[in-house]
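Positions are given from 1 along the sequence.
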Amino acid sequence: MFYRQMGKIPHKRHTTFKKPDGTLFREQVMGTKGFSGTQSILYHHYMPTEVARTELIGKYLPDYEDQESLKHRHLLTDQIEKKGDALKAREYLLGNDDLLIGIANITEPMKSFYRNGDGDEMIYIHYGSGKVETMFGTLTYGPGDYVIIPIGTIYRVIPDENKTTKVLLVESFSQITTPRRYRNEYGQLLEHSPFCERDLRGPETLETYDQKGEFEVITKTRGYLHSHILNHHPLDVEGWDGYLYPWAFNIEDFEPITGRVHQPPPVHQTFEGHNFVVCSFVPRLYDYHPEAIPAPYYHSNVNSDELLYYVEGNFMSRKGIKEGSITLHPSGIPHGPHPGKTEASIGKKETFELAVMIDTFKPLKLVKQAKSIEDEKYMYTWVE
């Protein structure tokens, strides 16, 4: 990320910054990797450590299924009925020690605030619109937006009234960043990157609440949810600056990389975390070698699991896939186009598919309740 500043801040860090009545704003350094990672400095009306009371809510980590035979999986997320606010509506489907992946049908605004103390969150907006209110300011969102929320950020999601927001959710236990190979030694995105800093949106407005009263912040960490009751509004930041803050990127601003023959999935990479990457499959021209086969070749996931969330369009290498489908092709066995799809792709000039891919370098485990929305026949759909 690049440097940003919002609101009022003093000329020098770690110096006095006084309110009109002569009392001090409270400086908070919020950073990653101790004091050697990305960080920002925020100036609060009240001490961020001021907690009136706290209690344990309960466990949040999901229960995974027992080991079954290795097979390709297909989950139909349009069958998920769970709804609510952006925290209560979360339905975890898969995960491992590096991340959790789920769906949320957000139908209500969050009354309490929330922060993830275990890692960053990525919220992909399948459909719906609204805003994310954070301690760094407010971001509006719409279809196709990836919203990245750094670890420890206090926020709440407010969907537009009478509209459902459906999201693909990744809770990472590490920092989510742009791909290292697309950045120079100074952190700037390079010319061959499929997007640049112009495409990234930080908070649009900083709304500051100098307000006393009881406000709940639900904190997720160490496998549990905790309730912290503050005696002041948590969005009390007068100003901040730095490199750590929530931001958004719309999938339509991803510029696909194409070639004379089929390009491998890394050209679609958009983000990365520890032991996983996120890729964006967007409408694009097909390969232009005169004898090119646009459909992907059969390939073995030797070191990674491949998950695809299908957003919209014509999914050219698959049959029986719906909008909102999730497929998991695990490491250890090959996968590729369904019968007839290779031949059907020859001579085609472009594709209009839209999908999000998550490759993990440790096996993903299926959450027990996800079996209720599984297409059990998917493994056998390659049989001609």
Side-chain angles (χ1 to χ4, degrees), residues 72-83 86 89 91 93-94 101-107 122-130 140-148 157 159-160 163-170 194-195 199 201 248-258 262-263 265 267-271 277-287 294-296 306-329 335-338 340-341 344-345 348-359 370 373-375 378 381:
H72 302 317
R73 319 293 287 260
H74 177 204
L75 304 179
L76 299 164
T77 71
D78 59 354
Q79 296 181 8
I80 294 174
E81 297 180 355
K82 190 175 182 181
K83 297 177 181 178
E91 184 78 24
L93 300 175
L94 303 112
I101 301 170
I103 295 293
N105 292 308
I106 304 169
T107 55
M122 184 198 84
I123 302 171
Y124 175 78
I125 312 298
H126 186 161
Y127 55 77
S129 57
T140 56
Y141 68 79
D145 276 337
Y146 291 102
V147 182
I148 310 296
V157 177
D160 284 344
K163 292 184 179 179
T164 297
T165 294
K166 183 177 183 179
V167 306
L168 171 69
L169 174 74
V170 173
F195 56 95
D199 302 315
R201 311 191 320 267
F249 170 72
N250 194 278
I251 197 169
E252 291 188 6
D253 288 322
F254 186 88
E255 300 299 333
I257 297 171
T258 60
H262 186 83
Q263 298 298 294
V267 302
H268 306 289
Q269 187 181 346
T270 314
F271 310 116
V277 299
V278 177
C279 299
S280 300
F281 287 87
V282 302
R284 62 196 182 277
L285 296 177
Y286 274 145
D287 325 309
E306 179 186 287
L307 178 148
L308 269 166
Y309 179 79
Y310 298 86
V311 180
E312 63 183 32
N314 179 21
F315 311 116
M316 58 95 167
S317 63
R318 291 280 171 272
K319 296 178 179 179
I321 297 300
K322 299 181 179 181
E323 291 187 7
S325 284
I326 287 178
T327 57
L328 173 66
H329 298 145
H335 72 272
H338 273 132
K341 288 293 186 177
S345 74
K348 295 290 179 64
K349 300 300 182 184
E350 57 188 328
T351 178
F352 298 100
E353 64 187 0
L354 194 65
V356 176
M357 186 175 83
I358 303 168
D359 274 8
I373 61 167
E374 183 174 12
D375 171 11
Y378 181 67
T381 52

Holding to side chain to side chain donor-acceptor pair (under 3.5 Å), I want the full list of residues that pass it with [X], two or more places apart in sequence or in another chain.
X	result
S280	Y146, T270
D160	S129
N105	none

request  = State which residues pass salt bridge (charged side-chain N to carboxylate O under 4.0 Å, His left out) with D287; sequence neighbours excluded, sorted by chain then number.
outcome  = none
request  = Check salt bridge (charged side-chain N to carboxylate O under 4.0 Å, His left out) between E374 and all other residues, then give those that pass, not counting sequence neighbours.
outcome  = R73, K371
request  = Quickly, which of L76, T77, L75 forms a side chain to side chain contact (heavy atoms under 4.5 Å, CB included) with Q79? Name it, please.
outcome  = L76
request  = Tell me, please, which residues at least two apart from H72 pass ring pair (Phe, Tyr, Trp, His ring centres under 6.0 Å).
outcome  = H329, W382
request  = Answer with yes or no after comparing the ring centroid distance for F254 and H268 against a 6.0 Å cut-off, counting only values under it.
outcome  = no
request  = Assess whether atom CD of E350 is packed by more than 12 heavy atoms of other residues, nucleotides or ligands within 6.0 Å.
outcome  = yes
request  = Just do the side-chain hydrogen bond (donor to acceptor under 3.5 Å, both in side chains) check on Y141 and T165 with the steps written out, would you?
outcome  = CA-CA 10 Å; Y141 68 79; T165 294; 2.9 Å; yes
query = Could you state the interatomic distance from CD1 (I101) to OH (Y309), rounded to the nearest 0.5 Å?
reply = 12.5 Å
message = How close do I321 and H74 get, counting heavy atoms only, and between which atoms?
response = CD1-NE2, 3.9 Å
inquiry  = Can you give me the closest heavy-atom contact between K322 and Y310, atom names plus distance?
reply    = O-CB, 3.7 Å
